[in-house]
Amino acid sequence: MSVMSQDVKVVAPAATTGQALRLFAERRRSFWVVLSLLVLFTAWEIAGRVPISFAFPTFLDTLAAFFEMVADGSMIRAFFLTLQPLVLGVAISALLGIALGIVMGLSDRLEWLLAPVFIVLQAAPMAALVPLVTFVYGIGLVAKTLAVIMLALPVIVLNSYKAVRHVNPSLVDMCRSFQGTRRQQIFKIIIPDASPVLFAGLRLGVAAGFIGVMLAELLITPTGIGDLITYHRSVANYAHMYAAVTAIIAASTVTLALLQWFETNVMRPEKRRS
Amino acid sequence: MTVTALAADTFDPASVVTHDPVVRVEAICKHYGSTEALRNIDLQFERGKLTTLLGPSGCGKTTLLKIIAGLVPATSGQIVVNGRAVTGPGPERAFVFQDFALMPWATVLRNVGFGLELKGMAAAERNRIARRYIEEVGLQGFEDKYPHELSGGMRQRVGIARAFAVNADVLLLDEPFSAVDEQNRRKFQEDLLRLVEMERKTFIFVTHSIEEAVYVSDRIVLLSPRPGRVSNIIDPRIDRTANPDDIRRDPGYLDVVEEIWQGLRHYAE
Ligand SMILES: Nc1ncnc2c1ncn2[C@@H]1O[C@H](COP(=O)(O)OP(=O)(O)OP(=O)(O)O)[C@@H](O)[C@H]1O
Ligand SMILES: [Mg+2]
């Protein structure tokens, strides 16, 4: 679970070395995060020892299986395969989704044109549509990437659009009163003011992207982490199966925490002090 | 105590003379859909003076101020600033917002320098100017704070410093002190008078408070409620060289307050 412990460091970045007081607060926060994980893992260990099911391994067994899979390279190979469509799909969804959401927020016509499409897409049970992608794009990287985009894009678009629509009109007036250009208005006011909701959408989109790639790997192309899970289940290696499941959950958590860190440190520095 | 506040001069709006008007409001009407907010407003604002727009809630004070600022288009009529008709915001006018309109993600320094930043001024230069105005409004030491770390009163000082920093001829202030408690409000009013004295700019000021209007204004424009029309113009003629507490106790000052109250009273009923 080395991934998890990294997570803790990300949540409490040592880079923000302010006064001793702030550092102390940061330390305390990471202390609570560690404690929360300890409680979770202990409960898991106990549940595994009871055992609640013959197919439910203990935490320590799972941890051992994880290191074994890292050592024999199967975990790393699997991550390499899973992360390709994931990173590609999330990157495309983020760029395209935020851009589309912003233009929809800025123009009524584009809103009328595009919003219904994404509302339908968001409402549709995408899991049912993922297998259809196979018919068109086979079982390669393109199909998996498309599955990620199908799940991540609508939520990113709709949140970005909502974010722009809820920008404080007074700030926009302020920018106009100082003769800001439309471009300055968008980049200096609208995007920063929208960024909390923009990032909320991005976080939901990334989480949906993880779902998309797992669906693709479980339903269409048995590769990567999905294949690892399927394979170890079929041979009743439950500890290994859970190690794979937990690893992908941890990867998702770390990504979301990184995104949060980026938001509070790069986009909205005032949030660090609230 | 030599408070010599004369009884105010009250004019029929049509007969008012304004020397050297920097802003002229000519036959402005404004409709929001079917709501008539302003009807046929004609006003002139004298250079270097503080003119207050006073009137009951919803009478169109903010609307008129935003039309002068070029933020809201008039339905008909025109605004002339320094002899030229204007259709949008311009560098000779700066706005102070009722809700401050500060960027929460930017420090006091960046907020104050934002008008200059938009004009493309280099960082060193605009920070130098911003620091000067931060000091002028009494916020030195808070340059690196964010708006949420300041009190309401301090936030509005940031908004005022930002408007001063662009060196506009005309400052438009929409109820700048409405979010400030009574004690700070008095302090603010005195600071405002000091700034009017120092900066030699034209101020157009909106307020709900009769006392505030009489205390700070060279001229008060009373607006009647919907649709907003100019109902009266009053020059309080308060002697501001006197001590603030004496002014507030002066019979002349109190008479003007009472007179305006009587004028507005029937709108409240
Ligand atoms: N954007 C708008 N759309 C429609 N009606 C508006 C809009 N802005 C103002 N109004 C209406 O125009 C009238 C004047 O509003 P305005 O905000 O100018 O009044 P005000 O004198 O500033 O009031 P207050 O003292 O409460 O701030 C009101 O009746 C208001 O409902
Ligand atoms: Mg108003």
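In the text below, chain A, chain B and the rest are named by the order of the sequence lines, each starting its count at 1.
- The shortest heavy-atom contact between Met103(B) and Met174(A) is CG-CE, 4.1 Å.
- For Glu117(B), the parts lying under 4.5 angstrom from a heavy atom of chain A are both the backbone and the side chain.
- No more than 12 heavy atoms of other residues, nucleotides or ligands lie within 6.0 Å of NE2 in His166(A), so this atom counts as exposed by the packing criterion.
- With a 4.5 angstrom heavy-atom cutoff, Pro91(B) touches chain A via backbone and side-chain atoms both.
- Distance check: Phe114(B) CZ to Cys175(A) SG gives 5.0 Å after rounding to the nearest 0.5 Å.
- Note: Leu102(B) CG to Leu171(A) CG = 8.0 Å, rounded to the nearest 0.5 Å.
- Without hydrogens or angle criteria, Arg176(A) side chain to Pro89(B) main chain gives no donor-acceptor distance under 3.5 Å.
- Taking a 6.0 Å sphere around CD of Gln140(B), one finds it holds more than 12 heavy atoms contributed by other residues, nucleotides or ligands.
- Considering NZ of Lys188(A) and CG of Leu118(B), their distance stands at 6.5 Å, rounded to 0.5 Å.
- By number of non-hydrogen pairs under 4.5 angstrom with chain A, the leading residue of Ala69(B), Ala106(B), Gly115(B), Pro104(B) is Pro104(B).
- Side-chain contact between Phe97(B) and Ser177(A) is present, with at least one heavy-atom pair separated by less than 4.5 Å.
- Atom NZ in Lys119(B) sits 9.5 Å away from atom CD in Gln184(A) (nearest 0.5 Å).
- The two residues Asp173(A) and Lys66(B) have their closest heavy-atom pair at OD2-NZ, 3.4 Å.
- Residues Arg162(B) and Phe178(A) form a side-chain contact, since some pair of their non-hydrogen atoms from C-beta on lies under 4.5 Å apart.
- When each of Asn168(A), Asp193(A), Thr181(A) is scored by its heavy-atom pairs under 4.5 Å with chain B, the top score falls to Asp193(A).
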